[in-house]
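These numbers come from the heavy atoms of this one structure, side chains and all, not from hydrogens, waters or symmetry mates. If you're wondering where the values come from, they're calculated on a predicted model, not measured in any experiment.
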Amino acid sequence: MQRLHTGVPRHVAIIMDGNGRWATARHLPRMAGHNRGMESVRAVLETCGRRGIEYLTLFAFSSENWHRPADEVSTLMRLFVSALQREVVKLVENDVRLRVVGERNTLDPELRRLIAEAEERTAANTRLQLTLCVSYGGRWDIVQAARAAAREQGIEALDEASLERHLALAFAPEPDLLIRTGGEQRISNFLLWQCAYAELYFTHALWPDFSAAAFDEALAWYAQRERRFGRTSQQLAANS
């Protein structure tokens, strides 16, 4: 949905890239980078609260990440478990609602249980809507939404609005700003439908180095963008 550009994004999505490279550069196990990356998550959450951002979506583990070395995948899953156990109390205290979207059937039953408990414990929170994309892929999201919409009303009646109702993030507005850390300049199968008009911000900072100040720089860049949604600058000026 198109909306007036106020200078502050309502919804920020982040591809948190560079944990492994951060650790490797310091001759540390890759998992050290993932653990350090949690500090950046906390910094971004704090900044969202301070700046009045309503929705934050983090790409935590993609469908393709299952192809990583088995020991790294196993360690990442344990990190998710420990993070949920440790951080949910802070989410409740800070009025943050947590949702996890993706192919949950691929996750360990214990992790699925903890996710469900965390979502239930934070369901009444309203200050910030935090979404973690775990075992998530944009193509999967579009396919599952199309199938659900077709079952609901038939393939001939399928349109954009009916498909959007079944997307994994149907509860949230489309991202205004997509940030990717780590120096890569691609969206890597993340929110393909939802980011059609997102402003794309790429930074060479590795995720563990992405501080509150770095996030503020991205937000300042976003505030200078002209969001036209297919219209001309003159049309925007006339309607302002």
Distance (rounded to the nearest 0.5 Å) between Glu54 CD and Gln129 CD: 8.5 Å
Pair Glu117 + Arg121: basic N to acidic O under 4.0 Å: no
Set of salt bridge (charged side-chain N to carboxylate O under 4.0 Å, His left out) partners for Glu110, sequence neighbours left out: Arg113
Student check: side-chain heavy atoms of Trp140 and Asn189 closer than 4.5 Å: no
Cluster companions of Val143 among Ile, Leu, Val, Met, Phe, Trp, Tyr (side-chain spacing under 4.5 Å): none
Ala43 versus Ser211, closest heavy-atom pair with distance: CB-C, 4.5 Å
Counterpart residues, side chain to side chain contact (heavy atoms under 4.5 Å, CB included), relative to Glu119 (two or more places apart): Arg99, Val100, Arg104, Ile115
Phe215 and Phe210 aromatic ring geometry - parallel, tilted or perpendicular at 30°/60° bounds: tilted
Non-hydrogen atoms of Ala198 and Pro175 that approach each other most closely: CB-O, 3.5 Å
Distance, nearest 0.5 Å, that separates CD of Glu93 from CG of Asn125: 10.5 Å
Counterpart residues, side-chain hydrogen bond (donor to acceptor under 3.5 Å, both in side chains), relative to Gln144 (two or more places apart): Asp141
Same apolar cluster: Leu45 and Phe80, side chain cutoff 4.5 Å: yes
Exercise: do Arg165 and Ser162 side chains pair donor with acceptor under 3.5 Å: no
Thr57 vs Val101 side-chain heavy atoms within contact, under 4.5 Å: no
ILVMFWY network linking Leu84 to Val73, side-chain heavy atoms under 4.5 angstrom: yes
Atom pair CZ (Phe59) and CG (Leu178), whose distance is rounded to the nearest 0.5 Å: 10.0 Å
Partner of Trp221 under side chain to side chain contact (heavy atoms under 4.5 Å, CB included), chosen from Ile179, Leu177, Thr203: Leu177
Carboxylate-amine/guanidinium proximity below 4.0 Å for Asp216 and Arg50: yes
Under 3.5 Å, side-chain donor or acceptor atoms of residues 14-24 against the rest of the protein: list the pairs with distances, not counting sequence neighbours.
{"unit_1": "Asp17", "atom_1": "OD2", "unit_2": "Arg21", "atom_2": "NH2", "d": "3.3"}
{"unit_1": "Asp17", "atom_1": "OD2", "unit_2": "Arg180", "atom_2": "NH2", "d": "3.0"}
{"unit_1": "Asn19", "atom_1": "ND2", "unit_2": "His34", "atom_2": "ND1", "d": "3.2"}
{"unit_1": "Arg21", "atom_1": "NH1", "unit_2": "Gly182", "atom_2": "O", "d": "2.8"}
{"unit_1": "Arg21", "atom_1": "NH2", "unit_2": "Gly182", "atom_2": "O", "d": "3.1"}
{"unit_1": "Trp22", "atom_1": "NE1", "unit_2": "Asp209", "atom_2": "OD1", "d": "3.1"}
{"unit_1": "Thr24", "atom_1": "OG1", "unit_2": "Gly20", "atom_2": "O", "d": "2.9"}

Linked, directly or transitively: Phe171 and Leu91 (ILVMFWY side chains, under 4.5 Å): no
Closest contact, heavy atoms only, Pro173 versus His11: O-ND1, 2.6 Å
Heavy-atom closest contact (Gly33 atom, Pro208 atom, distance): O-CG, 3.7 Å
Leu132 vs Leu98 side-chain heavy atoms within contact, under 4.5 Å: yes
Beyond-backbone contact of Tyr222 with Val12, side-chain heavy atoms, under 4.5 angstrom: no
side-chain hydrogen bond (donor to acceptor under 3.5 Å, both in side chains) against Ser135, all qualifying residues, sequence neighbours excluded: Trp66, Thr106
Exceeds 12 heavy-atom contacts within 6.0 angstrom, atom CZ of Arg26: yes
Test: Arg42 and Glu39 ion pair at under 4.0 Å: no
Inter-residue atom distance Ile53.CD1 - Leu128.CG, 0.5 Å rounding: 8.5 Å
Side chains of Leu158 and Ile155 in contact at under 4.5 Å (non-hydrogen atoms): yes
Spacing of Phe202 atom CZ and Thr181 atom OG1 [to the nearest 0.5 Å]: 11.0 Å
OG on Ser82 to CG on Leu114, rounded to 0.5 Å: 10.0 Å
Sub-4.5 Å side-chain heavy-atom contact between Val8 and Leu219: no
Common cluster, Leu79/Leu206, ILVMFWY with side-chain heavy-atom separation under 4.5 Å: no
Ala223 to Gly7 - nearest heavy-atom pair and separation: CB-O, 3.5 Å
Contact summary for Thr126 and Asp95, nearest pair of heavy atoms: N-OD1, 3.0 Å
Flag side-chain contact, heavy atom, 4.5 Å: Leu169 against Tyr55: no
Shared hydrophobic cluster for Val81 and Val88 (ILVMFWY, side-chain gaps under 4.5 Å): no
Heavy-atom side-chain contact between Arg30 and Arg68 under 4.5 Å: yes
